[in-house]
Amino acid sequence: MPRAEVGTPKYIANKMKAKGLQRLRWYCQVCQKQCRDENGFKCHAQSESHLRQMLVVGESAGKHIADFSSQFQHDFVQLLSRRFGTKRVKANTVYQEFIQDRNHLHMNATRWVTLTEFVKHLGRTGVARVDETEKGWFIAWIDNSPKALAKQEASMKKERMTVSDEQRERMLIEEQIERAAAEAEASGSKLEQSPPAEELGLKRDETTEKVVLSLTPKTPALASSSTGASSGIKLNALKPAVNPLKANPLKRPNVFKQAAVASSSSAPAATDTEKTNGKKREAPMTAAERLIFEEQERKRRRMEREAAA
């Protein structure tokens, strides 16, 4: 049956029926013909023109498949770079936009059977960054153009200028260490290991004698001050000058005055005080006065021990 002439109602009706996407399985890439159903594709496959094209393709099938594959990859990457740039996008979204054109190169004419294989191929060749998630395969185009590389180098140079001197020195030291290690591994020599650092600290020598500390106070021999020949009285530094048990309960002596008299080195003053105390009976000390007196004695003994040491 001959084709309808251009402009006739039959031609317009056929164009309206063929409008939009059709089944990929009923498309002949060799003849670039889209069939609307299985019967139409079967009739096309048995036609003389299709058989003649298949004979031509059969002579060098690998070359034709390689050409179709390279053309499909070029068109796909071109759409990806112009439409999405370097953004991360779902691979199926890009493919759906790619097949919106009715005259696009179909994937069944290429070496890739599925879109997943084609996406993996792009990731292996370094054309795009590919990752798989639960939602499917995602793809991001890698811009390797000279303009993009120059722009990237300029940005890296600017970042290096902003890096502080300390960080730059640290990075240089790390690079030198890595370079030295690589050279050592290449030449087969091993890096000399530095000797272990000596442990610093106190070490106990077993041969030395043990040090024994004694907390018992030492009683230094205190030389009593020279008293008058007529008095002949010697003061004991560890005992109070007056016995509080034999004192007069009716009289309260001055404790501070007695402590000053007992610790003084002047013999005449001590002799006069003892004579005065001998004439009059002293009163007993109260609890507060006794505590004050004991505290003063303890301080005095501690000062004497420190002076002796």
Side-chain angles (χ1 to χ4, degrees), residues 1-3 6 11 14-15 17-149:
M1 184 176 178
R3 290 186 178 182
V6 179
Y11 177 83
N14 292 339
K15 286 296 183 180
K17 291 178 183 178
K19 186 179 181 180
L21 298 178
Q22 303 294 325
R23 289 289 188 90
L24 181 61
R25 58 186 296 185
W26 297 331
Y27 182 81
C28 179
Q29 185 64 52
V30 178
C31 303
Q32 296 183 0
K33 179 177 177 58
Q34 175 70 57
C35 299
R36 284 195 291 268
D37 53 8
E38 187 177 359
N39 186 29
F41 184 76
K42 183 179 180 181
C43 294
H44 170 73
Q46 295 175 357
S47 63
E48 183 180 356
S49 61
H50 177 76
L51 294 175
R52 189 167 49 250
Q53 289 289 338
M54 290 303 296
L55 289 176
V56 175
V57 173
E59 294 178 358
S60 57
K63 179 182 178 182
H64 285 79
I65 293 175
D67 293 341
F68 288 148
S69 301
S70 61
Q71 184 64 28
F72 178 82
Q73 179 177 346
H74 176 267
D75 296 343
F76 188 89
V77 174
Q78 189 176 15
L79 175 65
L80 176 64
S81 60
R82 293 182 178 179
R83 174 68 175 82
F84 301 98
T86 56
K87 295 180 181 178
R88 181 174 175 268
V89 65
K90 197 173 182 180
N92 192 26
T93 304
V94 183
Y95 181 72
Q96 292 297 327
E97 291 195 11
F98 178 74
I99 63 177
Q100 291 296 325
D101 184 11
R102 293 182 65 246
N103 299 322
H104 74 278
L105 184 65
H106 289 66
M107 188 180 289
N108 60 353
T110 63
R111 69 182 67 164
W112 305 291
V113 181
T114 60
L115 180 62
T116 302
E117 295 180 2
F118 175 66
V119 170
K120 291 180 180 179
H121 169 74
L122 293 179
R124 286 192 298 267
T125 55
V127 178
R129 288 185 293 270
V130 177
D131 59 325
E132 184 182 8
T133 61
E134 297 178 355
K135 297 182 180 180
W137 287 90
F138 284 82
I139 187 172
W141 177 55
I142 300 175
D143 191 1
N144 294 326
S145 61
K147 185 177 180 181
L149 294 177

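Values reported hereafter were calculated over all heavy atoms of this structure, with side chains retained and with hydrogens, waters and symmetry mates removed.
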N/O donor-acceptor pairs under 3.5 Å from side chains in residues 60-77, not counting sequence neighbours:
unit_1	atom_1	unit_2	atom_2	d
S60	OG	H64	ND1	3.4
H64	ND1	S60	O	2.7
S69	OG	I65	O	2.8
S69	OG	R111	N	3.0
S70	OG	A66	O	3.2
S70	OG	D67	O	2.9
Q71	NE2	D75	OD1	3.2
Q71	NE2	D75	OD2	3.3
Q73	OE1	H121	NE2	3.4

Rounded to the nearest 0.5 Å, how far does NE2 of H50 lie from SG of C43?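 So the SG of C43 and the NE2 of H50 are separated by 12.0 Å.
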Y95 OH to Q100 CD distance, which is reported to the nearest 0.5 Å: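 One gets 11.0 Å once the value is rounded to the nearest 0.5 Å.
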Considering only heavy atoms from C-beta outward, does the side chain of V30 approach that of V56 to under 4.5 Å? no
Between M107 and L115, is any pair of side-chain heavy atoms under 4.5 Å apart?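 In short, these two side chains touch, coming nearer than 4.5 Å.
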Is a donor on one side and an acceptor on the other found under 3.5 Å between the side chain of E97 and the backbone of T93? no
Output every pair passing salt bridge (Lys or Arg N to Asp or Glu O under 4.0 Å) with a member in residues 43-61, not counting sequence neighbours, ordered by first then second residue. E48-R52
Under 3.5 Å, which donor-acceptor pairs link side chains of residues 129-142 to any protein atom two or more places apart or in another chain?
unit_1	atom_1	unit_2	atom_2	d
D131	OD2	R88	NE	3.1
D131	OD2	R88	NH2	2.8
T133	OG1	K135	N	3.4
T133	OG1	G136	O	3.0

Would the number of heavy atoms belonging to other residues, nucleotides or ligands and lying under 6.0 Å from CD of E117 be above 12? yes
